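For reference, the structure is listed below as structure tokens.
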Amino acid sequence: MEVMKKDFKQKVFNIIRKIPRGKVLTYKKVATRAGNPRASRAVGGILGTNFDPTIPCHRVVRTDGGVGGYNRGINNKIKLLKKEGVASKTFLLY
DNA sequence: CATTTGACGCCAA
DNA sequence: TTTGGCGCCAAAT
């Protein structure tokens, strides 16, 4: 099945959807898996404009260790991560 | 169709 | 080591 036309966005969402609970992925990792390791920005851009409630995008954090952001409230994202059992060092707030 | 935005990443100072 | 600036890609307007 290779390319399948619906590359990036669809793929990115698919990857995030596969993230197991208690685990976090970086935007870069998602972008790399989506086909472009430099499209880390595009990943965030897609999520920011097209947020999907069916996708645990709150499990996606920055490579620097930042939580990144969340259309549903950054505070909520942090809370979710903590509840999932993610190490606080994995997603520094500021 | 072209331009701006946007939840980032990496290099340099 | 920390802070700042530039670069990159895709989607939305």
Side-chain angles (χ1 to χ4, degrees):
Chain A
M1 305 305 215
E2 305 76 69
V3 285
M4 254 203 222
K5 242 30 139 357
K6 50 192 170 162
D7 36 317
F8 224 78
K9 196 177 142 199
Q10 197 81 327
K11 212 171 208 175
V12 169
F13 273 72
N14 179 47
I15 293 163
I16 297 172
R17 198 183 283 165
K18 292 192 297 203
I19 301 177
R21 181 185 167 284
K23 178 93 181 262
V24 287
L25 272 174
T26 61
Y27 289 99
K28 193 177 193 189
K29 251 175 178 180
V30 177
T32 304
R33 264 184 143 177
N36 279 41
R38 266 100 187 163
S40 50
R41 249 184 178 183
V43 175
I46 291 161
L47 295 172
T49 325
N50 273 34
F51 176 69
D52 220 303
T54 58
I55 301 216
C57 37
H58 64 264
R59 286 183 192 152
V60 187
V61 294
R62 297 207 339 196
T63 312
D64 296 87
V67 285
Y70 200 49
N71 287 11
R72 286 319 190 221
I74 182 63
N75 192 292
N76 192 289
K77 179 174 179 177
I78 297 166
K79 207 169 185 168
L80 284 164
L81 288 167
K82 286 194 160 193
K83 286 175 121 214
E84 300 235 336
V86 180
S88 314
K89 297 174 95 128
T90 314
F91 60 97
L92 300 173
L93 280 59
Y94 311 97

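Below, chains carry the letters A, B, ... as their sequence lines are ordered, and counting in each starts from 1. Because the structure is predicted, anything quoted here is derived from the model rather than measured.
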Nearest whole angstrom, please: distance from the [atom2] of [N] to the [atom1] of [X].
| X | N | atom1 | atom2 | result |
| --- | --- | --- | --- | --- |
| A/R38 | C/dC9 | CZ | C1' | 11 Å |
| A/Q10 | C/dA11 | CD | P | 11 Å |
| A/N50 | C/dA11 | CG | P | 9 Å |

To the nearest 0.5 Å, how far apart are CD1 in A/I55 and CD1 in A/I15?
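The distance works out to 10.5 Å.
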
Quick one: CG on A/L47 to CG on A/D52, what's the gap to the nearest 0.5 Å?
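Result: 9.5 Å between the selected atoms.
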
If the sugar-phosphate is the primed atoms plus P, OP1 and OP2 and the base is the rest, what is the B/S/- string for nucleotides 7-13 of chain B, using protein heavy atoms under 4.0 Å?
BBSS---

Determine whether a donor-acceptor pair (N or O, by modelled atom type, separation under 3.5 Å) exists between the side chain of A/K11 and the backbone of A/G35.
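Not at all, since once roles are kept as given, no pair shorter than 3.5 Å links the two residues.
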
Would you say A/K28's side chain and A/R38's backbone share a donor-acceptor pair under 3.5 angstrom?
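Pair absent, no side-chain N/O of A/K28 close to backbone of A/R38.
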
Let's go through A/K9 and A/N50 carefully: what are the C-alpha distance in whole Å and the side-chain angles of both, what is the deciding distance for side-chain contact (heavy atoms from CB on, under 4.5 Å) to 0.1 Å, and is it a yes or a no?
CA-CA 9 Å; A/K9 196 177 142 199; A/N50 273 34; 2.7 Å; yes

Which nucleotide, if any, forms a Watson-Crick or G-U wobble pair with C/dT2, using both distances under 3.5 Å?
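Pairing partner, where one exists within any strand: B/dA13.
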
Which one is paired to B/dG6, where only Watson-Crick or G-U wobble pairs with both distances under 3.5 angstrom count?
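Because both required distances fall under 3.5 Å, B/dG6 counts as paired with C/dC9.
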
Quick one, A/Y70 with A/I78, criterion side-chain contact (heavy atoms from CB on, under 4.5 Å). Give me CA distance, side-chain angles, the key distance, then yes/no.
CA-CA 9 Å; A/Y70 200 49; A/I78 297 166; over 6 Å; no

